Number of protein chains: 2
Amino acid sequence: MFHLIKREWPIIFNEELQSFLTASNKKSLSMAADALHITQPTLSYRIKKLEKDLGFKLIERNWEGIKLTNEGQYFLPYAVRILEDLKNVQNVIGFNSDGNQATYEIVHKNEGIFRIGINSLLSSLFTESFIMELSNDHPDLEFDIITRPTNILKNLIDYKGIDLAVYYGNETHIHTHSSLIGTEEVVLLCHEDDFHDIQKNLDNLQSFNKPFLSYDNPVLSNNIELLDIILTTLNVRAFKTLDNWIIMASYIAAKKGYTIIPRSSVSQMINLSSAPLKTIPLGDMFPHIKMYMSHPKDSIFKGPINSIKNLFE
Amino acid sequence: MFHLIKREWPIIFNEELQSFLTASNKKSLSMAADALHITQPTLSYRIKKLEKDLGFKLIERNWEGIKLTNEGQYFLPYAVRILEDLKNVQNVIGFNSDGNQATYEIVHKNEGIFRIGINSLLSSLFTESFIMELSNDHPDLEFDIITRPTNILKNLIDYKGIDLAVYYGNETHIHTHSSLIGTEEVVLLCHEDDFHDIQKNLDNLQSFNKPFLSYDNPVLSNNIELLDIILTTLNVRAFKTLDNWIIMASYIAAKKGYTIIPRSSVSQMINLSSAPLKTIPLGDMFPHIKMYMSHPKDSIFKGPINSIKNLFE
DNA sequence: GTTCGTTACGTAGCTCGTAAAGATA
DNA sequence: TATCTTTACGAGCTACGTAACGAAC
């Protein structure tokens with residue numbers, strides 16, 4: 001059934017990223033150049049160009065070889081993911097040397113499919129009811145649901161990659177065809193054992209010696225301005241960014257910090273955590289978070305969109 | 001505290017992907033060319049080149065405008081994520097026009113930090129114990145934990161992006177410095193109401209009219225060969241790929257299908273689901289899944305690696 | 001004729017390899 | 001000298017805009 005093409009590198013965009021990764025692997029430009037079957041000055045040129053384009057240095061050079069800079073280290077997982085994404089796309093929609101479609105025979109039909117995107121934190125809250133509602137109201141409708149960060153959802157709406165998006169509002173641009181579907185207060189979430197220490201220091205968490213845990217990097221997170229207000233108001237100093245919600249739940253369960261999230265996300269965090277967690281409502285201290293749904297203005301899926309909209313009324 | 005640069009496009013690699021996305025947004029090459037401030041033949045050339053490099057057509061052209069192909073539609077979210085990734089990196093490690101580091105002052109220190117990567121499905125199982133163990137054994141050690149798909153973890157080990165990886169084994173290349181840390185049977189997971197129908201048709205699920213739910217696309221998923229065996233043995237016909245585990249839990253809760261996963265992942269799925277789920281052990285029918293940990297051969301983190309290794313003995 | 005698209009073609013600039021040079025032991 | 005790196009430079013290729021062309025109504 002499956003006919004996997006094992007690509008070493010994706011076909012496009014590879015050269016500069018591939019050069020950087022191979023250099024990181026070999027810890028030497030000349031050895032990396034060998035491995036890539038190019039000359040060493042060419043590799044040097046490519047990495048210089050990548051650094052110039054990115055705007056920061058990736059590699060420290062010296063006479064005994066190379067070492068990644070902090071920025072290079074930070075960039076590396078992104079480079080890996082980009083190349084892996086491209087490899088995967090090309091493996092799925094690839095053609096082998098005979099010109100036949102290669103990877104598997106499932107046709108990636110997209111026409112007529114109602115595509116929904118939900119912000120990751122909201123998906124455990126809404127996905128099931130969306131499935132139920134659409135199955136009931138539009139039994140013949142095919143639909144797909146994906147979860148992505150808010151900013152990606154907004155882009156996908158713009159570029160007609162999805163037909164409906166549901167997300168927490170943030171300060172980046174707001175779509176004309178978006179509607180407010182709810183408002184929520186934020187709550188502080190912590191381990192039961194940390195509860196009293198945090199509550200008595202709420203105006204100055206600097207004296208609480210565990211870090212504020214933030215999802216992903218601050219730029220990826222949805223509300224940079226709100227985050228800024230929170231950190232300032234609570235006088236937070238210790239700060240740790242984590243990769244995702246599962247990791248965050250584990251950190252809190254291990255009493256290694258606390259976080260602040262919208263109230264509706266608490267249940268998901270409690271489900272993910274093995275330990276007893278406590279919440280402190282912060283509705284009075286901070287602006288509430290708004291939930292939106294948006295869709296392209298000329299969507300052919302008026303019916304399904306209204307079905308979803310009705311869920312929030 | 002935060003100084004966000006709002007980039008419309010990332011600086012590098014943008015041109016072809018940006019051209020494609022703008023074309024999708026405008027549904028017209030000439031209008032997209034206008035929006036990008038390039039001439040229309042140039043845009044046409046860029047998209048042709050992108051199609052040639054990718055190996056498949058992205059756009060159907062005709063006299064009244066353009067329309068994405070199925071492949072183009074499939075590729076679009078990848079293009080969005082790649083550009084979003086690049087934007088985020090450049091926003092975090094960006095320099096503004098004054099030459100000052102822009103986004104926020106947190107230094108992305110990487111030296112001396114023990115970096116762990118865990119496969120997404122395993123992370124809820126292990127993360128907390130890793131945190132506990134490392135905190136006890138190495139109280140001064142700074143560490144980071146990220147979750148990624150298995151293939152990305154393997155690449156990150158190769159390119160020295162992380163110091164330790166924990167993942168389910170698959171058929172792609174195996175690291176020399178990897179050790180087996182456990183073995184698991186696979187189980188079928190379904191809604192309580194579907195349990196009896198599935199159990200009595202286990203040799204021929206074709207007659208069960210709900211789809212087998214697979215995580216992500218088959219190429220991304222960890223065990224293409226195992227998946228192939230499963231689908232063949234159970235005679236599965238209906239097949240649906242989903243974006244992530246939360247969506248999968250919702251589909252099963254909504255009685256829209258079933259899946260097969262390693263036993264240790266069942267608890268996470270049950271936590272994510274609002275409905276009563278049932279499992280059917282399949283240990284006799286299929287090969288067991290192996291869990292591995294691996295690390296670069298010249299790691300400076302021998303101590304922490306052994307602490308983690310001890311957890312599995 | 002107008003509005004979509006593509007093809008043709010010359011130029012500017014980019015990318016490559018070869019060759020030479022700089023740094024450190 | 002050996003082993004890393006970078007700089008210099010010319011040849012060939014690529015990507016761009018201008019101009020011309022094709023198709024549909």
Side-chain angles (χ1 to χ4, degrees), chain A residues 9-69 71-73 79 83 86 159-160 298, chain B residues 9-69 71-73 79 83 86 159-160 298:
Chain A
W9 298 100
I11 292 168
I12 61 158
F13 292 137
N14 58 359
E15 284 159 342
E16 291 177 6
L17 295 181
Q18 169 185 345
S19 299
F20 166 60
L21 291 180
T22 307
S24 172
N25 171 249
K26 301 288 184 189
K27 300 292 174 216
S28 146
L29 288 191
S30 34
M31 286 174 67
D34 265 6
L36 292 165
H37 307 295
I38 57 175
T39 63
Q40 190 276 329
T42 297
L43 180 61
S44 191
Y45 171 85
R46 282 190 192 168
I47 289 178
K48 274 219 179 66
K49 178 167 187 306
L50 182 58
E51 290 176 325
K52 179 172 152 281
D53 288 344
L54 284 168
F56 49 85
K57 259 185 102 173
L58 294 167
I59 287 177
E60 304 280 4
R61 292 100 162 144
N62 64 43
W63 68 271
E64 48 187 357
I66 58 160
K67 206 188 101 198
L68 296 201
T69 60
E71 288 82 5
Q73 197 66 255
L83 291 179
L86 289 169
Y159 303 134
K160 318 283 166 75
D298 50 358
Chain B
W9 298 102
I11 291 168
I12 63 157
F13 292 139
N14 59 1
E15 282 159 342
E16 291 177 5
L17 295 181
Q18 168 186 348
S19 299
F20 167 59
L21 292 179
T22 306
S24 172
N25 170 249
K26 300 288 184 189
K27 301 293 174 214
S28 145
L29 289 191
S30 33
M31 287 175 66
D34 265 7
L36 293 165
H37 307 297
I38 57 174
T39 62
Q40 190 276 331
T42 297
L43 179 62
S44 190
Y45 171 85
R46 283 190 190 167
I47 289 178
K48 273 219 180 65
K49 178 166 187 310
L50 182 59
E51 289 177 326
K52 178 172 151 281
D53 288 345
L54 284 168
F56 49 85
K57 260 185 100 173
L58 294 167
I59 286 177
E60 305 279 6
R61 292 99 161 145
N62 65 41
W63 66 270
E64 47 187 356
I66 58 159
K67 205 188 102 197
L68 296 200
T69 61
E71 288 80 6
Q73 197 65 254
L83 290 179
L86 289 169
Y159 303 134
K160 318 282 167 76
D298 49 357

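Residue numbering restarts at 1 for every chain, and letters A, B, ... go by the order of the sequence lines. None of the values given here were measured: they were computed from a predicted structure.
Dashed line: the shortest gap from a side-chain N or O of B/Lys48 to OP1 or OP2 of D/dA15 is not under 4.0 Å. Side-chain nitrogen and oxygen atoms of A/Arg61 include none within less than 4.0 Å of the OP1 or OP2 phosphate oxygen of C/dA23. Taking side-chain N and O atoms only, A/Gln40 has a distance below 4.0 Å to OP1 or OP2 of D/dT6. Taking only side-chain nitrogens and oxygens, A/Ser28 never comes nearer than 4.0 Å to OP1 or OP2 of D/dC4. Under 4.0 angstrom from either OP1 or OP2 of D/dT14 there lies no side-chain N or O belonging to B/Arg46. Look at B/Lys27 and you won't find any side-chain N or O under 4.0 angstrom from OP1 or OP2 of C/dC4. Between A/Ser30 and D/dT5 there is a side-chain N or O to OP1 or OP2 distance below 4.0 Å.
The nearest whole Å value for the distance from the CD atom in A/Glu16 to the C1' atom in C/dC14 is 11 Å. To the nearest angstrom, C1' of C/dT3 lies 15 Å from CD1 of B/Ile66. We find that CG of A/Asp34 is positioned 14 Å from C1' of C/dG17, with the value rounded to whole Å. The interatomic distance linking A/Ile59 (CD1) with D/dT6 (C1') rounds to 14 Å, in whole Å. Put simply, CD1 on A/Ile47 is 12 Å from P on C/dC16, counting in whole angstrom units. Atom OH in A/Tyr45 sits roughly 14 Å away from atom C1' in D/dG12 (whole-Å rounding). The CG atom of B/Leu29 sits 16 Å away from the C1' atom of D/dG17 (whole-angstrom rounding). Between the CG atom of B/Leu50 and the P atom of D/dT14 there is a distance of 16 Å, rounded to whole Å.
Judged by distance alone, the side chain of A/Glu51 and the main-chain N or O of A/Ile59 form a donor-acceptor pair under 3.5 Å.
Looking at A/Glu71 and A/Leu54, their side chains never come closer than 4.5 Å, going by heavy atoms from C-beta outward. Between A/Thr39 and A/Tyr45, the closest side-chain pair of non-hydrogen atoms is not below 4.5 Å.
In A/Lys26, the NZ atom is not crowded: 12 or fewer heavy atoms of neighbouring residues, nucleotides or ligands sit closer than 6.0 Å.
Residue B/Thr39 is classed as a base contact, given a heavy-atom separation below 4.0 Å to a base. Using a 4.0 Å heavy-atom distance criterion, B/Thr42 is classed as a base contact.
The nucleotide whose nearest atom lies closest to any side-chain atom of A/Lys49 is, among D/dT5, C/dC14, C/dG5, C/dC14. In this structure, the nucleotide among C/dA19, C/dG5, D/dA19 sitting nearest to the side chain of A/Pro41 is C/dA19. Side chain of A/Glu15, nearest nucleotide from D/dT6, C/dC16, C/dT7: C/dC16.
Summarising the geometry of A/Ala33 relative to A/Leu43, their closest heavy-atom pair is N-CD2, 3.5 Å, with the distance given to 0.1 Å.
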